[in-house]
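Single-structure report; data block below.
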Amino acid sequence: MGRDATPSGGNVEASDSLLVARIAAGDDRALAEAFDALGSAVYGTALYVLGDAVTAQDVVQDVFLDLWSRSVQYDCARGSLRTYLRIRARHLALDRLRSELRRAGREERYERLNPAQPEPCPSEQVTAAETASAVRDALGQLPPEQREAVKLAYFSGKTYREVAKTLDISEGTAKSRIRLALAKLETLLAREMQEASE
Amino acid sequence: MTTDALLPPSGLRERVLTAARNARPVGRPLPPLPRISPVEALRRAVEDFDSLLSALSEEQWRRPMPIRGTVQGVVGHLIGVEEHVQRALSGDPEMADIDHIAGTQDEVVRQTGRPVEQTHRAWREAADRTLALAAEADLGQVVKIWGRTLPVGGWLIVRAFEYWIHRWDICAAVGLSATIPDTPSLRLMTDLVARALPVGVARVPGGATPVNLHFVLTGPGGGVWDVTIGGHRGDSSGEEGRPDLMIVADAVDFCRLAAKRLPPQEINAHVTGAVDQAARIFAGAATLSMDE
């Protein structure tokens with residue numbers, strides 16, 4: 001009889017494939033099983049990147065909502081569901097980190113161009129100062145060529161092509177320097193935020 | 001400390017599941033499907049069957065088949081079935097308990113050996129008369145045919161299902177590749193089969209232990225159904241809301257099982273819970289077929 005009575009613990013690919021097929025069919029019990037089995041790994045990944053529990057929970061929700069809404073995109077032949085979800089969590093967490101960097105960059109540019117601003121309340125001043133300080137400290141720890149590329153991209157609002165032209169390097173080199181810089185900043189800021197929350 | 005050791009905060013699980021259910025209702029499969037009416041499903045099935053018949057050579061029409069003698073005999077049977085449906089929709093009480101097989105035998109005999117173009121034309125005219133009646137019918141009106149009772153809409157889906165299965169049979173007999181219906185039509189069929197499971201299982205000898213079944217069909221036409229088999233269960237020793245039995249199977253395979261084209265012991269299904277009840281469920285699904 002071609003029927004398995006219980007899921008085979010050793011056959012991860014078949015188990016993941018079945019779980020995702022059930023999710024695609026609209027089985028919310030399967031989504032709950034996926035969360036129970038893999039929620040810790042996804043949350044841990046998000047928290048490691050972001051260093052912030054609240055934002056990490058948002059990322060966890062986005063990852064599993066994505067699985068529920070687009071489960072047909074998972075291909076078990078390319079890796080386990082655990083690996084797939086952790087990669088998704090890392091991508092979404094990095095996106096949020098980049099958004100934070102861009103926001104910090106925009107704020108700094110705005111303050112430079114508009115010096116006379118209403119006085120923020122003391123708590124806002126502290127938060128803004130802490131964020132700006134954390135970003136400046138992290139930038140200061142980058143190699144000079146990476147720091148320059150990131151500043152041109154995120155604080156001067158230049159495109160990859162414009163960064164390449166300004167620094168007299170190829171577009172590929174510009175992208176590579178920015179990517180390496182962001183990866184290093186992610187690590188530095190995550191550590192900074194983790195230490196600040198302890 | 002590894003990232004795996006970090007437990008998600010309490011409440012996050014429920015938050016995630018609630019957001020998911022709001023984004024896509026439970027039981028709604030991916031990718032999203034347009035809904036079609038039972039009349040449209042039957043129309044598509046008739047067109048598909050007509051395309052097949054048009055592609056057959058005379059020799060293929062005369063090819064022997066396990067049921068109804070030949071391909072031409074199967075088409076003769078379907079002409080008879082259309083007559084039964086038309087008479088039932090018109091209120092003829094004789095159709096309530098007429099036998100689905102024996103009741104078409106005269107037409108099988110009449111068509112066998114006839115010029116195939118004439119059989120093809122007779123069938124198409126019969127199918128078109130049914131479609132015309134169906135377009136004007138009250139799909140919610142309950143009608144009894146062949147000893148079974150369904151709303152008219154359900155009968156149209158049964159007809160579409162029969163056309164698919166006989167198309168499959170003919171393709172197997174003449175060496176053509178079988179196809180499956182379009183996904184919206186297939187979904188109507190799987191929904192009908194799933195909802196009819198309690199009726200089918202009630203026909204299986206040996207008593208009816210109540211079972212809460214969580215039934216998942218995967219692939220095109222798939223979906224999720226929570227079905228109570230054998231009446232309501234009283235308080236159970238199990239966790240509230242947890243089904244007694246879960247069966248996960250491919251949608252097309254399960255339809256073929258329901259049509260008696262796939263033996264229950266050959267279906268590749270994932271079963272958890274009260275696994276000893278699964279055989280009854282599969283046997284019950286097979287009783288839904290009106291073929292031998």
Side-chain angles (χ1 to χ4, degrees), chain A residues 1-8 14-15 17-49 53-54 56-74 82 86 89-90 93 194, chain B residues 1-9 11-32 190 214-219 221-226 241-243 246-251 253 263-273 275-276 278-279 282:
Chain A
M1 180 182 295
R3 182 184 309 163
D4 54 335
T6 57
S8 167
S15 177
S17 179
L18 177 66
L19 200 60
V20 172
R22 288 171 57 198
I23 288 172
D27 188 359
D28 64 334
R29 291 179 188 273
L31 186 69
E33 289 174 29
F35 184 93
D36 292 340
L38 305 171
S40 292
V42 173
Y43 177 65
T45 300
L47 190 59
Y48 181 74
V49 171
V54 172
Q57 290 177 57
D58 291 345
V59 167
V60 170
Q61 177 173 313
D62 289 347
V63 168
F64 281 96
L65 203 55
D66 196 54
L67 179 66
W68 178 250
S69 302
R70 298 194 295 172
S71 56
V72 290
Q73 295 199 343
Y74 167 67
R82 172 182 293 267
R86 291 187 72 181
R90 187 164 179 278
Q194 179 74 19
Chain B
M1 181 175 67
T2 67
T3 55
D4 272 21
L6 296 167
L7 289 176
L12 181 57
R13 182 185 193 271
E14 199 48 46
R15 174 182 155 189
V16 165
L17 294 178
T18 300
R21 290 173 193 131
N22 287 338
R24 173 167 67 104
V26 173
R28 184 177 295 175
L30 289 173
T190 56
H214 185 66
F215 185 54
V216 183
L217 294 180
T218 60
V224 179
W225 296 264
D226 285 295
R242 183 180 290 277
M246 180 174 76
I247 293 176
V248 184
D250 175 77
D253 281 353
Q265 62 271 22
E266 288 184 20
I267 190 165
N268 189 20
H270 173 75
V271 182
T272 56
V275 298
D276 56 314
F282 296 132

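Chain letters run A, B, ... following the sequence lines, proteins first, then strands; residues in each count from 1.
The distance from the OG1 atom of B/Thr218 to the CG atom of A/Leu18 is 7.5 Å, given to the nearest 0.5 Å. To the nearest 0.5 Å, atom CE of residue B/Met246 and atom CZ of residue A/Arg29 are 9.0 Å apart. Considering CG of A/Asp58 and CZ of B/Arg15, their distance stands at 5.0 Å, rounded to 0.5 Å.
Residue B/Pro263: no heavy atom, backbone or side chain, is found under 4.5 Å from chain A. Both the backbone and the side chain of A/Ile23 come within less than 4.5 Å of a heavy atom in chain B. In this structure, chain A has a heavy atom under 4.5 Å from the side chain of B/Val248, while its backbone stays farther away. Using a 4.5 Å cut-off between heavy atoms, A/Asp66 makes no contact with chain B at all. For B/Arg13, the parts sitting under 4.5 Å from any heavy atom of chain A are the backbone and the side chain alike.
Annotation for A/Trp68 and B/Ala20: closest pair NE1-O, 2.9 Å, computed over non-hydrogen atoms. When all heavy atoms are compared, the tightest approach of A/Ala25 to B/Val216 is CB-CG1, 3.9 Å. Of all non-hydrogen atoms in B/Pro8 and A/Ser40, the two that sit nearest each other are CD-OG, 3.5 Å. Here the shortest heavy-atom pairing between B/Ala23 and A/Leu65 reads CB-CD1, 4.0 Å.
Looking at B/Arg24 and A/Asp28, no side-chain N of the basic residue comes within less than 4.0 Å of a carboxylate O on the acidic one, giving no salt bridge.
Contacts with chain A were tallied for B/Val16, B/Leu30, B/Leu217; B/Leu30 has the most, counting heavy-atom pairs under 4.5 Å. Each of A/Asp62, A/Leu31, A/Asp36 has some count of heavy-atom pairs under 4.5 Å with chain B, and the biggest count is that of A/Asp36.
More than 12 heavy atoms of other residues, nucleotides or ligands sit less than 6.0 Å from atom CZ of B/Arg21.
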